[in-house]
Amino acid sequence: MRSKDYGDDVLAGDWRRPRKGTIPEIAAENGLVAEDPDSGFCGAVVGCDKSGVTLEDRFGKRRVFPLAKAGFLIDGRPVTLVRPSGGAPGGGASGQGVRRSASGSIAVPGLRARVAKKSRIYVEGVHDAELVEKIWGHDLRVEGVVVEYLEGVDDLPAIVEGFGPGPGRRLGVLVDHLVEGSKESRIAAQVSSPHVLVTGHPFIDIWEAVKPSALGIAAWPSVPRGVPWKEGVLAALGWGDDVRAGWKRILGAVSSYTDLEPALLGRVEELIDFVTVPEQL
């Protein structure tokens with residue numbers, strides 16, 4: 001996941017800026033996504049002790065960093081990571097008074113959604129849209145970004161052309177199963193506008209971006225070729241054959257970004273960055 005130092009015009013009231021220039025202290029709890037500004041290494045916390053904090057990036061690479069004052073970026077802002085005290089998630093003595101949204105960003109009290117920007121984020125289906133809304137809905141309302149869903153990406157080049165991207169009208173597209181050699185990767189390669197970012201996660205379906213541990217299962221089951229993936233998963237897990245009910249069960253088990261795989265977290269944050277950073281008109 002990439003953190004960026006957003007320009008002053010992006011966020012209403014500059015709400016991510018520490019008050020009076022103070023650097024907030026944040027408990028380095030497992031799943032918290034942070035960036036080392038010196039190396040650019042960004043990943044989720046997978047361990048923290050007196051010797052430092054361990055971050056794991058989306059490729060599974062791990063690095064240990066010292067718990068230096070103002071040593072990390074979260075949401076593009078400097079923070080000091082501290083050892084968790086065993087208190088409430090994201091809190092402890094150092095985190096008291098800081099409310100965080102489901103995505104891990106600092107929550108805006110009394111938020112009213114901003115007028116929607118011309119820029120948009122497109123996702124493949126209704127399940128993708130519902131998951132993005134549940135975790136990043138607060139952030140998107142702060143930014144004034146609307147998420148719309150498509151029914152697949154087979155016609156993506158025509159959809160992009162119809163959107164009419166340009167300066168101040170950016171489009172971000174989240175694609176399922178965007179891996180080398182896939183049909184989705186070949187379609188994405190047809191989009192070349194500098195005002196469009198097509199990115200995606202490696203999972204066959206957005207369901208798979210939910211960590212198995214959040215659902216109380218050991219792993220997502222393998223589905224034989226020729227069997228519809230969702231139906232195959234439901235059958236293997238013994239959850240019946242109602243796809244809508246299965247998705248409701250999965251979505252209900254997700255409460256924050258810590259329930260999602262880093263490979264999805266990074267891509268959604270990247271899209272939000274892309275459609276909210278001001279362009280030179």
Side-chain angles (χ1 to χ4, degrees), residues 31 101-105 111 113 116 120-141 143 145-156 158-160 162-163 171-179 182-185 187-188 198-272 275:
S101 71
S103 72
S105 64
L111 170 68
R120 291 286 188 273
I121 292 176
Y122 285 172
V123 297
E124 284 206 48
V126 64
H127 293 177
D128 307 67
E130 289 175 347
L131 185 60
V132 168
E133 164 60 27
K134 185 163 188 177
I135 301 302
W136 288 275
H138 179 91
D139 307 62
L140 294 167
R141 284 185 283 279
E143 303 282 12
V145 175
V146 173
V147 174
E148 300 178 8
Y149 69 88
L150 314 169
E151 289 296 341
V153 294
D154 288 352
D155 298 322
L156 184 59
I159 291 170
V160 170
F163 177 79
L171 177 62
V173 184
L174 181 70
V175 178
D176 295 343
H177 198 227
L178 191 63
V179 296
S182 68
K183 176 192 73 173
E184 292 81 2
S185 68
I187 293 172
V198 181
T199 187
H201 56 77
F203 310 112
I204 295 174
D205 188 274
I206 196 70
W207 289 20
E208 209 177 9
V210 177
K211 291 180 178 178
S213 58
L215 299 166
I217 61 177
W220 285 101
S222 298
V223 177
R225 285 184 176 273
V227 176
W229 192 84
K230 290 186 176 73
E231 287 80 356
V233 165
L234 294 177
L237 294 176
W239 288 3
D241 57 4
D242 188 330
V243 172
R244 178 180 294 184
W247 171 241
K248 185 176 180 180
R249 180 172 181 169
I250 294 167
L251 189 62
V254 175
S255 59
S256 79
Y257 68 98
T258 59
D259 295 320
L260 303 181
E261 297 288 357
L264 175 66
L265 295 174
R267 304 294 69 73
V268 176
E269 293 281 351
E270 187 176 11
L271 290 173
I272 295 174
V275 300

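These values consider heavy atoms only, across backbone and side chains, with no hydrogens, waters or symmetry-generated copies.
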Subject >> Test applied, side-chain contact (heavy atoms from CB on, under 4.5 Å); reference residue, Leu131; option that passes from Leu260, Asp259, Val126, Ile250 >> reply: Leu260
**OP:** Search all heavy atoms of Gly246 against all heavy atoms of Trp239 and return the closest pair with its distance.
**Re:** O-CZ3, 4.4 Å
Original post:
Are the side chains of Pro212 and Glu261 in touch, meaning some heavy atoms are under 4.5 Å apart?
Top reply: yes
Subject >> Heavy-atom pair with the smallest gap, counting every atom of Trp136 and Leu265 >> reply: CZ2-CD2, 3.7 Å
Original post:
Does the Thr199 side chain pair with the main chain of Leu174, one donor and one acceptor, at a distance under 3.5 Å?
Top reply: no
**OP:** Kindly determine whether Glu231 and Val243 satisfy side chain to side chain contact (heavy atoms under 4.5 Å, CB included), including the steps that lead there.
**Re:** CA-CA 7 Å; Glu231 287 80 356; Val243 172; 3.7 Å; yes
**OP:** Could you tell me which non-hydrogen atom of Leu178 sits nearest to which non-hydrogen atom of Gly200, and how far apart they are?
**Re:** CD2-N, 3.3 Å
Subject >> CG-CZ distance between Leu171 and Arg120, expressed to the nearest 0.5 angstrom >> reply: 10.0 Å
Subject >> Gap between atom NE2 of His177 and atom NE2 of His201 - 0.5 Å precision >> reply: 10.0 Å
Original post:
How about Trp229 and Glu208: does a side-chain donor come under 3.5 Å of a side-chain acceptor?
Top reply: no
**OP:** Work out which heavy atom in Ala188 is nearest to a heavy atom in Val198; give both atom names and the distance.
**Re:** CB-CG1, 3.6 Å
Subject >> Beyond-backbone contact of Asp205 with Lys230, side-chain heavy atoms, under 4.5 angstrom >> reply: yes
Original post:
Does any non-hydrogen side-chain atom of Tyr122 lie less than 4.5 Å from one of Val146?
Top reply: no
**OP:** Please report the shortest heavy-atom distance between Leu215 and Arg249, naming the atom on each side.
**Re:** CD2-O, 4.3 Å
Original post:
To the nearest 0.5 Å, what is the distance between OG (Ser222) and CD1 (Ile204)?
Top reply: 8.5 Å
Original post:
Less than 4.5 Å apart, any side-chain heavy atom of Glu184 and any of Asp176?
Top reply: no
**OP:** Could you tell me whether the side chain of Glu133 reaches within less than 4.5 Å of the side chain of Arg141, counting heavy atoms only?
**Re:** yes
Original post:
Would you call Trp207 and Trp220 a side-chain contact if the rule is heavy atoms closer than 4.5 Å?
Top reply: yes
Original post:
Between Lys183 and Asp154, is there a salt bridge with N-O shorter than 4.0 Å?
Top reply: yes
Original post:
Which atom pair, heavy atoms only, marks the closest approach of Lys134 to Leu251?
Top reply: NZ-O, 2.7 Å
Original post:
Looking at side-chain heavy atoms only, is the closest gap between Trp247 and Glu130 below 4.5 Å?
Top reply: yes
Subject >> Atom pair CD1 (Ile121) and CG (Leu271), whose distance is rounded to the nearest 0.5 Å >> reply: 5.0 Å
Subject >> Spacing of NZ belonging to Lys248 relative to CG belonging to Asp242, to within rounding of 0.5 Å >> reply: 10.0 Å
**OP:** Check whether any side-chain heavy atom of Leu140 lies under 4.5 Å from a side-chain heavy atom of Val132, and answer yes or no.
**Re:** yes
